[in-house]
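Throughout, a chain's letter reflects where its sequence line sits, starting with A, and its residues are numbered from 1.
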There are 2 protein chains.
Amino acid sequence: MKKNEEIQLINADQKFEEFLKLKELKYTSERKLILKAIFSFDKHFNVEELFEKLREQGNHISRATIYRAIPLLLQSGLITEALHCQDKTSYENVFNREHHDHLVCTNCGKIIEFYNEKIEKLQEEVCRQHNFVPIEHRLGIKGYCEDCYKKLKK
Amino acid sequence: MKKNEEIQLINADQKFEEFLKLKELKYTSERKLILKAIFSFDKHFNVEELFEKLREQGNHISRATIYRAIPLLLQSGLITEALHCQDKTSYENVFNREHHDHLVCTNCGKIIEFYNEKIEKLQEEVCRQHNFVPIEHRLGIKGYCEDCYKKLKK
DNA sequence: ATGATATTGAGACTTAATTGCAATGAAAAA
DNA sequence: TTTTTCATTGCAATTAAGTCTCAATATCAT
C-alpha cells in the first residue's frame, strides 16, 4: 500500500467510525477489514470482487456481512453506486476524491472521467428552480471513444 | 387510447418493423402486442407491470417473451432503461418524446423532469474535447423534493 | 468485568432474469 | 397457394444477486 493511500485509509477509518458512533452502531473488525479491502482497489469494485479480495488478504468474511456493510458505507458517503455498466451493481470509492462525471464507451467499456464546473453550477440552478434539495447526482454519457469510433467507421 | 397516442403507436410500429427487418428478425403478433402495451403506460414500466398489462388486455404473453423483446426495443431506440429507482429495472417509452433529465426524490420517489439547453450544449462540448462520440446520456440528480424536505426539517 | 444488544456466518430463501427444448408460426422461396 | 426454413414462443428448470433467519459471538458503555 502506498503512503498516501495509507493516510487516506486512516482518515476514512475515522470518518466511518464517527458515522457508526452517531448511529449507535459498532465498528467491528469485519467492517474495518471491508473498508481496508475497498482501499486496495484502484477505484471500482462489486460485492463479488470485494469478497474475493478479502479472501486473498486472508480474511473470510461472509457475503451477508459485506452486503450489510454496503448501505452503511453508502450512507456515510465513503462510496457511491457506480454507473450501472453491465449486470452487477458496482461501487466506487469516493473518499477524498473530487466529484466527476463519466463518458462510457459502449464498445470497449473504457471510462473517461471529466469535471465541468459550468455543468455543476447549472445543475444547482435547476434544483433551485424546482425547490429541490440535491444530495448527489450522476451524469453518464454513453457513446464511442476515439479508438472505437475509428474502428467502427472502417 | 387518445388520437395522438394512436398515431404515435403506428409510427413506433413502423420503426420497430424496420428495425426487425434489418436484423432479419420477425415482427410477431407477440411483439406487436408488447409494443402496444408499452404505449398504454403513461411512460415508465417494468417487466412485471408489462406482463400484467398484457393480461388485462386479454393477452397472455410469457415473461420469457417479454424479457426477450426488451433488448430489441432498447436497440431500436423505442425505449430506454430508466433511472434505477429502486430494485427492479424499469424502462421508459421514449419514442417521439423530447429528451429530458431527472430529479429523483429519494424520500417519496417522485420524479421531476427537466430539460436544460445549456447543460446539453456543455455536454457536447465535453465530448468534443475528449474526441468522444455520444450516443445518449443520462443525468439524474437525487435529493429531496420540496414537500419531503419540509417534512424532514420538522 | 459485566451486561445489553448489535453483529456475524451459514445456509435457506426470494425474486429477477436467462436458458433449453419441443411445438409453433412468420415469411421467403417454390 | 403450398412448401420449407428457421426464428420465435411458452413452459419449466436454472442461475444468480441479494435478503433473511437464527444461534453464537463480539463490541462497548457502564
Using a strict threshold of under 4.0 Å (side-chain N to carboxylate O), is an ion pair present between A:K43 and A:E113? yes
Salt bridge or not between A:E136 and A:R138? Use side-chain N to carboxylate O under 4.0 Å. yes
How many Å lie between [atom1] on [X] and [atom2] on [N], as a whole number?
X: A:L54; N: C:dT8; atom1: CG; atom2: P; result: 12 Å
X: B:N59; N: D:dG10; atom1: CG; atom2: C1'; result: 15 Å
X: A:I61; N: D:dA26; atom1: CD1; atom2: P; result: 13 Å
X: B:L33; N: D:dT9; atom1: CG; atom2: P; result: 11 Å
X: B:R63; N: C:dA16; atom1: CZ; atom2: P; result: 9 Å
X: A:E17; N: C:dT7; atom1: CD; atom2: C1'; result: 16 Å
X: A:L20; N: D:dC28; atom1: CG; atom2: C1'; result: 13 Å
X: B:I66; N: D:dC11; atom1: CD1; atom2: P; result: 12 Å

Does [X] place a side-chain N or O at less than 4.0 Å from the phosphate oxygens OP1/OP2 of [N]?
X: A:T89; N: D:dG18; answer: yes
X: A:R31; N: C:dT7; answer: yes
X: A:H60; N: C:dA10; answer: yes
X: A:Y67; N: D:dG18; answer: yes
X: A:T28; N: C:dT8; answer: yes

Polar contact flag, side-chain donor to acceptor under 3.5 angstrom, A:H44-A:E49: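 No donor-acceptor contact under 3.5 Å links the two side chains.
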Indicate yes or no for a side-chain donor-acceptor contact from A:N93 to the backbone of A:F95 under 3.5 Å, with no hydrogens or angles considered.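 Yes: the side chain of A:N93 pairs with the backbone of A:F95.
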Between A:N59 and A:I61 (side chain of the first, backbone of the second, donor and acceptor by atom type, cut-off under 3.5 Å), is there such a pair? no
Name the residue closer to the 5' end of DNA chain D, choosing between B:E24 and B:R68 according to the nucleotide with the nearest heavy atom.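 Whichever sits nearer the 5' end wins; that is B:E24.
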Closest approach to the side chain of [X], judged atom by atom: which nucleotide of [options] is it?
X: B:K26; options: D:dG10, C:dA6, D:dA7; result: D:dA7
X: B:A64; options: D:dC11, C:dA4, C:dA10; result: D:dC11
X: B:E30; options: C:dT7, D:dT9, D:dC6; result: D:dT9
X: B:L25; options: D:dT8, D:dA26, D:dG10; result: D:dT8

